[in-house]
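The structure appears below as structure tokens.
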Amino acid sequence: MLHSINPMSSFQAPSRQVLFCDFDGPIVDVSERYYRTYRLGLSTLEASHQEKHGEVLSLQVLAKNQFWAMKRNRVADTDIAIRSGVPTSLVETFLQQVQRIVNHPHLLQWDALQPGADRAIHQLRQMGIRLVLVTLRHPRQVQAFLQSHDLSQYVDEIFGASDMNAAHLNRAEQKVTLLERAIAAQRGQGYQTEPTCMIGDTEADIIAGQRAGITTVALTSGVRSHAYLERYQPTSIESNLLKAVQSRHMTQVLQAA
Ligand SMILES: [Mg+2]
């Protein structure tokens, strides 16, 4: 039996292919903000302890490279606190303090554009690809950052979390739901989502992409190490967004449309 054919369809422009990409890690380097948050958390804890108990805590502040290496290998925040000399009884207070201040505008200003991310985004536009961000950040924060780097006109849609603390907590299930919603919305608008790809820097992105049955590209430019990402078996691992966009693998996915 023949399918009905829309006589106009052959005259319409082909629908644009969509690429799904995470924000923190591929586009933003959050390492300086997370490190400054950690240091500010420690100094606040030290000051309040001295005020209340009149004694000085003997803290060992980690260097940024030590701190970031621990984060990238998923050392628990509790362990990072203990390694920094926070007494066990004060760890919870310290972590709550970090959670409270990490999204403060004074700290958000330390977010930086990943090297080459702007070039990668421009390149996707030149290739005619629709770029959809799927992130646990609040869309307002994403927009503010993109605008300050003259990139907002190159991002076609943002699916973000309404909870300001979601990105710092990085819950995989939340990412799975968000990506599902993003894919369904693109299909609903007539964009092409087969084949497509999810690019991100954590296990949450890989799991979300795998659950959606799409290609997954993990980046080592973010908050997880190569060795850690490998365990989740993404389709490929690249060092940054530009490398991912220019990879043979990505060209294959994007040309298969
Ligand atoms: Mg990320």
Side-chain angles (χ1 to χ4, degrees), residues 19-35 37-38 67-75 77 98-99 102-103 107-108 110-118 120-121 124 131-146 149 151 155 157-182 197-212 214-245:
L19 188 72
F20 298 93
C21 186
D22 173 36
F23 182 61
D24 286 337
I27 297 172
V28 188
D29 175 3
V30 297
S31 62
E32 191 61 26
R33 170 162 61 102
Y34 280 22
Y35 183 60
T37 305
Y38 155 82
F67 168 80
W68 198 238
M70 285 186 191
K71 292 293 280 185
R72 281 170 53 82
N73 285 296
R74 275 211 110 181
V75 174
D77 288 340
V98 164
Q99 196 61 48
V102 70
N103 284 299
L107 287 162
L108 280 170
W110 292 103
D111 279 346
L113 189 68
Q114 287 284 15
D118 45 353
I121 291 170
L124 287 170
L131 177 59
V132 174
L133 299 186
V134 181
T135 170
L136 296 179
R137 280 263 214 133
H138 195 287
R140 260 205 316 273
Q141 278 185 9
V142 178
Q143 270 300 358
F145 182 89
L146 292 174
H149 290 87
L151 289 171
V155 171
E157 208 167 337
I158 301 166
F159 285 80
S162 53
D163 170 11
M164 281 287 185
N165 286 319
H168 196 241
L169 298 168
N170 193 46
R171 293 194 184 102
E173 278 312 312
Q174 223 172 328
K175 200 93 196 226
V176 170
T177 312
L178 213 52
L179 181 60
E180 271 171 10
R181 267 194 4 229
C197 168
M198 173 70 194
I199 305 177
D201 69 319
T202 71
E203 64 286 351
D205 304 299
I206 302 172
I207 293 166
Q210 286 169 341
R211 222 57 99 69
I214 65 178
T215 299
T216 53
V217 178
L219 304 184
T220 55
S221 57
V223 73
R224 299 288 185 261
S225 67
H226 192 283
Y228 186 83
L229 291 169
E230 231 169 14
R231 290 187 227 163
Y232 290 85
Q233 302 184 301
T235 316
S236 73
I237 302 181
E238 303 289 343
S239 54
N240 59 47
L241 186 59
L242 188 60
K243 285 270 166 58
V245 167

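Computed from a predicted structure; not experimentally measured. Atoms within each ligand, like the ligands themselves, are counted from 1 in listed order.
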* To do: Measure from the side-chain N and O atoms of Gln174 to the backbone N and O of Leu136, and report whether any donor-acceptor pair falls under 3.5 Å.
  => no
* Where do Ala161 and Pro139 come nearest, in terms of heavy atoms and distance? -> O-CD, 3.6 Å
* Structure fact -> Taken in chain and number order and not counting sequence neighbours, the residues that satisfy side-chain hydrogen bond (donor to acceptor under 3.5 Å, both in side chains) with Arg33 are Asp111
* **Residue list, side-chain hydrogen bond (donor to acceptor under 3.5 Å, both in side chains) with Thr235, at least two apart or on another chain** => Thr216
* Structure fact -> In Leu151, Val28, Leu113, the residue satisfying side chain to side chain contact (heavy atoms under 4.5 Å, CB included) with Leu146 is Leu151
* With Glu203 via side-chain hydrogen bond (donor to acceptor under 3.5 Å, both in side chains) - residues at least two apart -> Arg74, Arg224
* Structure fact -> Distance filter < 2.8 Å from the Mg ion (ligand 1), protein N/O/S hits 3
